[in-house]
Amino acid sequence: MLHTKIMKIAASITATTVILCTSALAADVTAKTDVNVRSGPDNSYGVVTVMRKGVTTEKLGNSGNWIKVKVNNKTGYVYKRYLNDVKPDSEKDKDEIVETKTVSITADSLNIRSGPGKDNKIIGVLKKGETATVIGEPTGKWYKIDCGNDYGYISNKYTKDVTKKVTITASSLNVRSGPGKTYKSVGILKKGKTATVVATAGDWYKIEYNKDYAYISKKYTK
């Protein structure tokens, strides 16, 4: 009987400790950029949704460098570098910045669907010449697009990329293999040179470079 009582007391103390730890973690966090929310605390886990730049939500817990949050009614993990209440680590996560780009519609009328496939519900229509903001990488032949308060999907068969030209304002600007200073420099652009931008990744532009793509800091362009 005494053993049973001790076990119950120990269990009660443990439960209280868990509650206190969870309470201590409660805080609001805001996304610094569009960032993937994953089903677990590692890049190997699937993406369950995207936390949009400026979105604020409660921090539910943490696992190492990953913060547990609830976004768009889905619970998952965000790498803490991209949340405003924690200091960035020296480690560079090369997967978490979500690229966006603009595409123009080439079909006379293009359905926006609730998921990546023709079997999904039609939630809107885009007309020829209209533009859409593409979020992240395509799912097969489908683009995920920004629909204001929600996301939709369009066939990428009926789109073309919209590019723009920017001019370098720094005396010498590194062209890097990825969107961050820790990525390898693959070249240099001098002041006054122009670059063709095909997408945006946080504070970096994805540009056409030597018949391939590379990245430059937006800060030193106009």
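Heads up: numbering here begins at 1 and tracks the sequence.
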Same apolar cluster: Ile105 and Val198, side chain cutoff 4.5 Å: no
Side-chain (Asp34) to main-chain (Lys53) donor-acceptor, under 3.5 angstrom: yes
How far apart are the closest heavy atoms of Thr49 and Val47, and which atoms are they? O-CG1, 3.3 Å
So which pairs with a foot in residues 201-222 pass salt bridge (Lys or Arg N to Asp or Glu O under 4.0 Å), sequence neighbours left out? Glu99-Lys206
Smallest heavy-atom separation, Leu189 atom then Ala195 atom, equals CD1-CB, 4.2 Å
Does one hydrophobic cluster hold both Tyr209 and Val166, with members joined at side-chain heavy-atom distances below 4.5 Å? yes
Could you grab the distance from atom CG of Asp28 to atom OG1 of Thr56, nearest 0.5 Å is fine? 6.5 Å
Hydrophobic cluster membership, Tyr220 vs Tyr215, 4.5 Å side-chain cutoff: no
Hydrophobic clusters join Ile, Leu, Val, Met, Phe, Trp and Tyr when side-chain heavy atoms are under 4.5 Å apart, directly or via other members; which others share one with Ile122? none
Return the CG to CG distance between Asn65 and Asp42, rounded to the nearest 0.5 Å. 11.0 Å
Residue pair Tyr77 / Ser63: nearest heavy atoms and the distance that separates them: CE2-CB, 4.2 Å
Looking only at heavy atoms, what is the nearest atom pair of Leu126 and Ile154, with distance? CD1-CG2, 4.4 Å
Could you report the tightest heavy-atom contact between Trp204 and Lys181, atom names first, then the distance? CZ2-N, 3.7 Å
Sequence neighbours excluded - salt bridge (Lys or Arg N to Asp or Glu O under 4.0 Å) pairs with any residue from residues 185-199: none
Below 4.5 Å, heavy atoms only, C-beta onward: do Val98 and Thr33 meet side chain to side chain? no
Taking all non-hydrogen atoms of both residues, which atom of Lys32 and which atom of Leu83 are closest, and how far apart? CE-O, 3.6 Å
Donor-acceptor contacts under 3.5 Å from residues 129-146 side chains, at least two apart:
from: Glu130; atom 1: OE1; to: Lys127; atom 2: N; distance (Å): 2.7
from: Tyr143; atom 1: OH; to: Lys101; atom 2: NZ; distance (Å): 3.0
from: Asp146; atom 1: OD1; to: Gly148; atom 2: N; distance (Å): 2.9
from: Asp146; atom 1: OD2; to: Arg52; atom 2: NH2; distance (Å): 3.0

Measure the shortest side-chain to side-chain distance between Arg38 and Trp66 over non-hydrogen atoms and say whether it is less than 4.5 angstrom. yes
Hey, any chance Ile123 and Tyr153 share a hydrophobic cluster, counting ILVMFWY side chains that come within less than 4.5 Å of each other, even indirectly? no
Between side-chain atoms of residues 106-117 and protein atoms elsewhere (two or more places apart, or another chain), which donor-acceptor pairs fall under 3.5 Å?
from: Thr106; atom 1: OG1; to: Tyr158; atom 2: O; distance (Å): 3.0
from: Arg113; atom 1: NH1; to: Lys118; atom 2: O; distance (Å): 3.0
from: Arg113; atom 1: NH1; to: Asn120; atom 2: O; distance (Å): 2.8
from: Ser114; atom 1: OG; to: Lys121; atom 2: N; distance (Å): 3.3

Listed once per pair and sorted, the side chain to side chain donor-acceptor pair (under 3.5 Å) pairs that draw on residues 164-175, sequence neighbours left out: Lys164-Tyr205, Lys165-Thr196, Asn174-Ser185
With side chains defined as the heavy atoms from C-beta onward, is the minimum distance between Thr57 and Val29 less than 4.5 Å? yes
Testing Val37, Val78, Thr75 for side-chain contact (heavy atoms from CB on, under 4.5 Å) with Lys68, which one passes? Thr75
Tell me, do Tyr151 and Val50 make a side-chain contact under 4.5 Å, heavy atoms counted? yes
Between Leu173 and Val197, is there a shared hydrophobic cluster once you connect ILVMFWY residues whose side-chain heavy atoms come closer than 4.5 Å? yes
